[in-house]
Amino acid sequence: MNASAKMETAEILRIRLGVLQREHRDLDLAIAAIEDRGLPEPLTIRRLKKQKLALKDRIARIEDELTPDIIA
């Protein structure tokens, strides 16, 4: 892979990372709003938390791809 293609791939990953981080924050807000309402919706909250965890895993994978390997 040439340097130009690597740069384009890294840029795409950074954009995707930003989108996923925004979705993760939005889920935080949605969960907080549901919990603040006072009406327990355990299934909805559990589903949202599961989605949030999946997003966190995807974010971590992209961050690992963007972080260069450093030989210590």
Side-chain angles (χ1 to χ4, degrees):
M1 183 182 304
N2 62 26
S4 178
K6 261 187 171 176
M7 183 186 288
E8 289 175 14
T9 301
E11 189 60 31
I12 290 169
L13 286 174
R14 281 189 202 92
I15 291 168
R16 184 69 184 141
L17 180 62
V19 170
L20 292 175
Q21 289 171 332
R22 204 166 322 127
E23 288 178 22
H24 190 267
R25 281 191 304 271
D26 290 347
L27 284 173
D28 261 342
L29 295 173
I31 291 168
I34 290 171
E35 289 174 339
D36 288 346
R37 250 193 311 189
L39 298 172
E41 295 185 41
L43 293 176
T44 302
I45 291 173
R46 189 175 6 204
R47 182 179 53 81
L48 292 175
K49 286 184 177 182
K50 193 173 184 177
Q51 287 177 356
K52 188 176 155 192
L53 186 59
L55 282 172
K56 185 177 178 182
D57 290 341
R58 290 169 61 190
I59 289 168
R61 271 186 258 132
I62 291 175
E63 287 174 338
D64 285 345
E65 284 185 52
L66 290 172
T67 304
D69 292 333
I70 300 174
I71 300 173

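The chain is numbered in sequence order, starting from 1. Any value given below was found using the heavy atoms of this structure, including those in side chains, with hydrogens, waters and symmetry copies removed.
- Ile34 and Leu53 are members of different hydrophobic clusters when ILVMFWY side chains are connected at heavy-atom separations under 4.5 Å.
- The side-chain contact (heavy atoms from CB on, under 4.5 Å) test with Leu20 singles out one residue from Arg58, Glu63, Lys56, and that residue is Arg58.
- Contact record, Leu13 with Ile62: O-CG2, 3.6 Å, taken as the closest heavy-atom pair.
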Side-chain polar contacts of residues 43-51 - donor-acceptor pairs under 3.5 angstrom, sequence neighbours left out - could you list them?
none

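- Rounding to the nearest 0.5 angstrom, the gap separating the CG atom in Leu29 from the CG atom in Asp36 is 10.5 Å.
- Residues meeting the side-chain contact (heavy atoms from CB on, under 4.5 Å) test with Ile12, sequence neighbours left out: none.
- Sorted by first and then second residue, the pairs that involve residues 19-33 and meet salt bridge (Lys or Arg N to Asp or Glu O under 4.0 Å), not counting sequence neighbours, are Asp28-Lys52.
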